[in-house]
Amino acid sequence: MKKYILMLFVTWCSLNAFAQTVTEKIKFSVHDDDAEYSIRSSFPIERAERLRAIVEGMLGEASKSAAGESRWNTSAYSSRFWGNRFEANLDKKKATNHQIALFKELTTKLQEALDQPKPPRPPKQP
């Protein structure tokens, strides 16, 4: 009987640990080149409120909001926050230096909130 209780307990602990790793899955990517800057992220739904507050703090009030989806649109960038996802695209040819710096700061704040390490920078070519 003790064996069965022990097996049941071990199985339960394993399933619990697996469930936590599945719900904590975080994806975060940044694309930065001469023409565009983009951010893509998905995260646990429990973190959505905190991340939405960061986005609203940086980009201001959404230009469109409906059914849990918020959008920010200007001539230089578009951003979308829905559920447990966020994506933003900045056209560097239309953006001001301030907007480019704003997106880079937004990236840093989102990475910090998600506890994501900063990607390494490639060495500069001579």
**OP:** Using a cut-off of 6.0 Å, state whether more than 12 heavy atoms not belonging to H98 lie near its atom NE2.
**Re:** no
Original post:
How about N97: does its CG atom have over 12 heavy atoms from other parts shown lying under 6.0 Å from it?
Top reply: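 Open: at most 12 neighbouring heavy atoms sit under 6.0 Å from CG of N97.
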Original post:
Parallel, tilted or perpendicular for F86 and F81, by the 30°/60° rule?
Top reply: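 Aromatic pair F86/F81 classed tilted.
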If you compare all heavy atoms of [X] against all heavy atoms of [Y], which two are closest, and at what distance to 0.1 Å?
X   : Y   : answer
T96 : Q99 : N-OE1, 3.0 Å
G83 : A48 : O-CB, 3.5 Å
N73 : S63 : N-OG, 3.3 Å

Do [X] and [Y] come within less than 4.5 Å of each other through their side chains, counting heavy atoms only?
X   : Y    : result
Y37 : I100 : no
I39 : L90  : no
N89 : R40  : yes

Original post:
Does E69 have any salt bridge (Lys or Arg N to Asp or Glu O under 4.0 Å) partners at least two apart in sequence or in another chain, and if so, which?
Top reply: R71, R80
**OP:** Look at the side chain of N84 and the backbone N and O of P44, then say whether any donor-acceptor pair between them is shorter than 3.5 Å.
**Re:**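 Between the backbone of P44 and the side chain of N84 there is no qualifying donor-acceptor contact (under 3.5 Å).
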Subject >> Residues I54, E112; criterion side chain to side chain contact (heavy atoms under 4.5 Å, CB included); working and verdict >> reply: CA-CA 11 Å; I54 291 170; E112 289 172 358; over 6 Å; no
Original post:
Say you draw a straight line from CG of L59 to CG of L106; how long is it, rounded to the nearest 0.5 Å?
Top reply: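 Atom-to-atom, L59:CG and L106:CG are 5.5 Å apart.
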**OP:** Calculate, to the nearest 0.5 Å, the distance between atoms CZ and CG belonging to F103 and L110 respectively.
**Re:** 10.5 Å
**OP:** Is it possible for you to say whether W82 and W72 belong to one hydrophobic cluster, with membership spreading through side-chain heavy-atom contacts below 4.5 Å?
**Re:** no
Original post:
Which residue pairs satisfy the salt bridge (Lys or Arg N to Asp or Glu O under 4.0 Å) criterion with at least one member in residues 49-65, sequence neighbours excluded?
Top reply: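 Non-adjacent pairs meeting salt bridge (Lys or Arg N to Asp or Glu O under 4.0 Å): zero.
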Original post:
Is there any salt bridge (Lys or Arg N to Asp or Glu O under 4.0 Å) pair reaching into residues 85-94, and which pairs are they, with sequence neighbours excluded?
Top reply: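 Output for this query lists D32-K92.
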**OP:** For L114 and S41, run side chain to side chain contact (heavy atoms under 4.5 Å, CB included): C-alpha distance rounded to whole Å, both residues' side-chain angles, the deciding distance at 0.1 Å, then the answer.
**Re:** CA-CA 10 Å; L114 291 170; S41 181; 3.7 Å; yes
